[in-house]
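First comes the structure, then the notes that go with it.
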There are 2 protein chains.
Amino acid sequence: MKDASEQKSQLRKGLLELAVLLVVSRGSVYASDILKQLKDSDLLVVEGTLYPLLSRLKDDGSLGYQWQESKSGPPRKYYQLTKKGESDLSQLLQTWTNLSQSINSLIKITK
Amino acid sequence: MKDASEQKSQLRKGLLELAVLLVVSRGSVYASDILKQLKDSDLLVVEGTLYPLLSRLKDDGSLGYQWQESKSGPPRKYYQLTKKGESDLSQLLQTWTNLSQSINSLIKITK
DNA sequence: ATTACTACCTTGTATCACAAGGTACTAGGT
DNA sequence: ACCTAGTACCTTGTGATACAAGGTAGTAAT
């Protein structure tokens, strides 16, 4: 283990998909909105991570999008959850709950 | 997203190091002990994942070990936390707590 | 036409979980 | 002495993915 930031990065792996689906589930958003909301939740993500992830979720059929013009720059891609995305999110939430409880039970025994 | 097992695997990435350190922190154990305890906590890990992880933790100075003979087979490597390992674990626990709260706060807002 | 800002995307690298396969020690039966 | 079964350790190869760095292109104001 080298330092705190690497540690955080490792622990975060795999959670980003859940976090992004949660953000999108609140309403139509484009990439910068997502980055901002994740930052507000202390789940910092960078562009190089987010864009490929959004593409994967779109290819999987979990997300859809429409282009929308902006008054202050180039057009934006606004994403929404599809039916499949809603179902995926609900499964991920279940998985998250189980995993979280597993870790917390290990912590309790340790204490 | 393809299926539930892949989903689970993705979400679990990065948590295994924390889980293993937690198990070892309870006392001297060898690989099969760790596998069994993680299985009991529904955090299934396979040998091909655990052995490289133990080697990494040893190389990082977080774990130490001694060989110990067994009456029922080849000798075993018993692992313990080093001082550094204890410090790493405590940092990881802090990171876990923060991350967990971040995700849970996103969930609450969504609901 | 240059600069600044915004927004989308790609490439290359390092890391890691896992499947599959391999080595080696002990014990018990033949 | 020779198998077979059980246990325990480890390595190799593959696919996935978070991230840094760099690239393209639209709008708007000087």
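Proteins come first, then strands; the chains are lettered A, B, ... in the order of their sequence lines, and each starts at number 1.
- Rounded to an integer number of Å, the gap from CZ of A:R76 to C1' of C:dC8 is 12 Å.
- For the pair A:R56 and D:dT17, the criterion of a side-chain N or O lying under 4.0 Å from OP1 or OP2 is met.
- Aromatic ring centres of B:Y30 and B:Y78: separated by under 6.0 Å.
- The CG atom of A:L57 sits 13 Å away from the P atom of C:dC9 (whole-angstrom rounding).
- Between B:W67 atom CH2 and D:dA8 atom C1' there is a gap of 8 Å when expressed in whole angstrom units.
- Separating the CG atom of B:L44 from the C1' atom of C:dA17 is a distance of 12 Å, rounded to the nearest angstrom.
- Under the 4.5 Å side-chain heavy-atom criterion for ILVMFWY residues, a single connected hydrophobic cluster contains both B:V29 and A:I107.
- Along DNA chain D, the nucleotide nearest to B:S32 and the one nearest to A:K13 differ in position, and the one closer to the 5' end is contacted by B:S32.
- A:S72 comes within 4.0 angstrom of the backbone, heavy atoms only, and of no base.
- Between B:Y30 atom OH and D:dT7 atom P the separation is 9 Å, expressed in whole Å.
- The interatomic distance linking A:E17 (CD) with D:dA16 (C1') rounds to 11 Å, in whole Å.
- Salt-bridge formation is detected for the pair A:K84/A:D88: a Lys NZ or Arg NE/NH1/NH2 atom is positioned less than 4.0 Å from an Asp or Glu carboxylate oxygen.
- Residue B:Y51 has no polar side-chain atom (N or O) positioned under 4.0 Å from OP1 or OP2 of D:dT11.
- When each of B:P75 and A:Y65 is assigned the nucleotide of DNA chain C bearing its nearest heavy atom, the one mapping closer to the 5' terminus is A:Y65.
- One N or O donor and one acceptor, one from the side chain of A:E47 and one from the base of C:dC9, sit under 3.5 Å apart.
- The side chain of B:K77 contributes an N or O atom lying less than 4.0 Å from OP1 or OP2 of D:dC10.
- A:L16 comes within contact range of the sugar-phosphate backbone alone, with a heavy-atom separation under 4.0 Å but no base atom that close.
- For A:S41 (side chain) and B:S102 (main-chain N/O), no donor-acceptor pair under 3.5 Å exists by modelled atom type.
- Using a 4.5 Å cut-off on side-chain heavy atoms (C-beta onward), B:Q37 and A:L106 make no contact.
- Atom pair B:K58:NZ and D:dC10:C1' shows a separation of 11 Å (rounding to whole Å applied).
- Between D:dG26, C:dA19, D:dC9, one nucleotide has an atom nearer to the side chain of B:V46 than all others, and that is C:dA19.
- To the nearest angstrom, C1' of D:dA8 lies 11 Å from OH of B:Y79.
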